Every structure is written in C-alpha cells, then in structure tokens.
Amino acid sequence: MSADTPRRIVLLRHAKAEWSETSDHERPLAERGRRDAPVAGRWLAGTGIIPDLTLCSTSLRTRETWKLAVHELPQRPKTVYEERIYEASLGELIALLNETPDDVNDLMLIGHNPGVHALADALSGEAEADLLPRMNRSGFPTSALAVVAFNGSWKGLEHGVGRLIAYWTPQG
C-alpha cells in the first residue's frame with residue numbers, strides 16, 4: 001500500500017444504555033438503544049461503506065449495539081472485541097488505530113464518549129460543509145456515527161490528517 005492509500009474510519013458511539021445496578025461495563029441497552037442501533041446500521045449500509053474490520057469495545061452496551069447494527073449491513077466484517085477501547089483516552093485510541101494492518105482500508109470503531117467524539121474531532125483537520133461544527137454542537141449523542149477519510153498508512157494516523165465526510169445522529 002502506498003502512502004496515498006485512501007482510508008476511512010467509521011466511528012460509532014454505542015446506543016442508549018440503561019442505568020442499572022450492574023457495573024458500568026455491564027450496562028445493557030435501553031429500549032431506545034435497541035431501536036436506534038439498527039437505524040444506525042441502516043444508515044451505514046446506505047453509505048456503501050462496509051468496514052474491512054470492526055473494533056468494538058468489550059462493554060455490554062457496545063456489543064449489543066454492534067449485534068443490532070451489523071444485521072443491517074450486506075456482509076459482516078471481521079470483528080475484534082477490544083478491551084482497550086473501554087475508557088480509552090484520545091491518545092490511547094489513536095495508538096490503537098495505529099496498530100491497524102495496512103490491508104484494512106475501511107475500519108469501524110465502536111466505543112464510548114468522551115473518547116469517540118474526541119477522536120472524530122481530533123482526526124478531522126477538514127470537514128465537508130458544516131459537519132464539524134454540527135458534530136461538536138451535538139456532543140456526539142448515543143448511536144451517532146462519524147466517517148473520517150484520510151490518505152496514508154494507519155501508522156501515520158495523527159491529529160488533523162483526516163476529513164470529516166459524514167456525520168449522522170438518530171435524532172437528525
């Protein structure tokens with residue numbers, strides 16, 4: 001792969017979760033989350049982006065979100081449940097993405113705020129139309145998706161190298 005290989009990162013924040021007596025890691029999806037996750041999957045399918053690889057946090061709410069969303073895609077990408085995503089800082093998320101094999105062009109990461117929002121914002125040196133201010137105003141709600149495109153190697157992924165090309169929330 002050359003240094004100008006086009007790549008895309010799809011960032012999905014987990015769907016709305018219940019507040020429960022269990023640990024934060026084991027919180028299940030709320031009814032709204034069970035409704036929104038498939039809608040997010042349909043939106044992603046409509047973009048035509050089918051990830052080569054999905055990295056999903058090990059928390060129950062992210063796993064449930066992915067289980068509901070992936071059924072809307074025309075094919076299931078390879079999925080790795082990655083415990084380092086849970087409670088990851090921005091720097092930790094970028095370091096994790098830097099480990100992505102170069103044969104992956106489209107990568108999906110399913111995680112949590114504030115990390116997912118911070119990652120989308122940090123990678124987006126540019127944006128289509130008003131997507132960046134709209135994303136930052138919204139605060140990246142549950143089930144939100146952002147797509148960041150960049151050229152080059154995953155090892156070279158860093159602040160500002162990407163372009164925010166899509167942003168979607170279930171609320172519109």
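Note that this is a predicted model, so its numbers are computed, not measured.
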Residues in ring pair (Phe, Tyr, Trp, His ring centres under 6.0 Å) with Tyr167, at least two apart?
Phe140

With sequence neighbours left out, what residues match His25 under ring pair (Phe, Tyr, Trp, His ring centres under 6.0 Å)?
Tyr86

Say you draw a straight line from [atom1] of [X] to [atom2] of [Y]; how long is it, rounded to the nearest 0.5 Å?
{"X": "Asn113", "Y": "Leu119", "atom1": "CG", "atom2": "CG", "result": "10.5 Å"}
{"X": "Ile94", "Y": "Leu123", "atom1": "CD1", "atom2": "CG", "result": "5.5 Å"}
{"X": "Leu96", "Y": "Ile85", "atom1": "CG", "atom2": "CD1", "result": "5.5 Å"}
{"X": "Ile49", "Y": "Ile165", "atom1": "CD1", "atom2": "CD1", "result": "5.0 Å"}
{"X": "Thr62", "Y": "Glu82", "atom1": "OG1", "atom2": "CD", "result": "11.5 Å"}
{"X": "Leu97", "Y": "Leu11", "atom1": "CG", "atom2": "CG", "result": "7.5 Å"}

Check: [Y] and [X] side chains under 4.5 Å, non-hydrogen atoms:
{"X": "Glu158", "Y": "Phe150", "value": "no"}
{"X": "Thr142", "Y": "Arg32", "value": "yes"}
{"X": "Asp102", "Y": "Arg7", "value": "yes"}

Kindly write out the residues that satisfy side-chain hydrogen bond (donor to acceptor under 3.5 Å, both in side chains) with [X], not counting sequence neighbours, or none if the list is empty.
{"X": "Thr54", "answer": "none"}
{"X": "Glu126", "answer": "Arg163"}
{"X": "Glu83", "answer": "none"}
{"X": "Thr47", "answer": "none"}

Residue list, side-chain contact (heavy atoms from CB on, under 4.5 Å) with [X], at least two apart or on another chain:
{"X": "Ser89", "result": "Glu92"}
{"X": "Ser143", "result": "Ala15, Asp36, Pro170"}
{"X": "Pro6", "result": "Asn151"}
{"X": "Glu18", "result": "Pro28, Ala30"}

Salt bridge (Lys or Arg N to Asp or Glu O under 4.0 Å) partners of residues 38-51, not counting sequence neighbours, each pair once
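The answer is Arg42-Glu72.
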
Sorted by first residue and then second, give each salt bridge (Lys or Arg N to Asp or Glu O under 4.0 Å) pair with at least one member in residues 44-70; sequence neighbours left out.
Asp24-Arg61, Glu26-Arg63

Closest heavy-atom contact between [X] and [Y]?
{"X": "Ala120", "Y": "Val148", "answer": "O-CG2, 4.4 Å"}
{"X": "Cys56", "Y": "Trp66", "answer": "SG-CB, 4.2 Å"}
{"X": "Pro51", "Y": "Leu73", "answer": "CD-CD1, 4.4 Å"}
{"X": "Leu132", "Y": "Ala127", "answer": "CB-CB, 3.7 Å"}
{"X": "Leu12", "Y": "Met108", "answer": "CD2-CE, 3.5 Å"}
{"X": "Asp130", "Y": "Pro133", "answer": "O-CD, 3.2 Å"}

Transitively linked via ILVMFWY side-chain contacts under 4.5 Å: [X] with [Y]?
{"X": "Ile110", "Y": "Val70", "result": "yes"}
{"X": "Leu157", "Y": "Leu107", "result": "yes"}
{"X": "Leu68", "Y": "Val116", "result": "no"}
{"X": "Trp19", "Y": "Leu60", "result": "no"}

Taking CD in Glu21 as the centre, count heavy atoms belonging to other residues, nucleotides or ligands within less than 6.0 Å. Is the count above 12?
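No, CD of Glu21 has 12 or fewer neighbouring heavy atoms, counting only those of other groups under 6.0 Å.
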
If only atom types and distance count, is the side chain of [X] paired as donor or acceptor with the main-chain N or O of [Y] below 3.5 Å?
{"X": "Asn98", "Y": "Trp154", "value": "yes"}
{"X": "Arg34", "Y": "Leu29", "value": "yes"}
{"X": "Asp121", "Y": "Met135", "value": "no"}

Please determine, by modelled atom types, if His14 and Ser57 share a side-chain donor-acceptor pair under 3.5 angstrom.
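No, because no side-chain N or O of His14 sits under 3.5 Å from a partner of the opposite role on Ser57.
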
Check the pair Thr22, Arg27 against side-chain contact (heavy atoms from CB on, under 4.5 Å), reporting the backbone distance first and the verdict last.
CA-CA 6 Å; Thr22 63; Arg27 289 176 38 219; 4.1 Å; yes

Begin from the C-alpha positions of Leu145 and Val10 and carry the test side-chain contact (heavy atoms from CB on, under 4.5 Å) through to its verdict.
CA-CA 7 Å; Leu145 283 149; Val10 178; 3.6 Å; yes

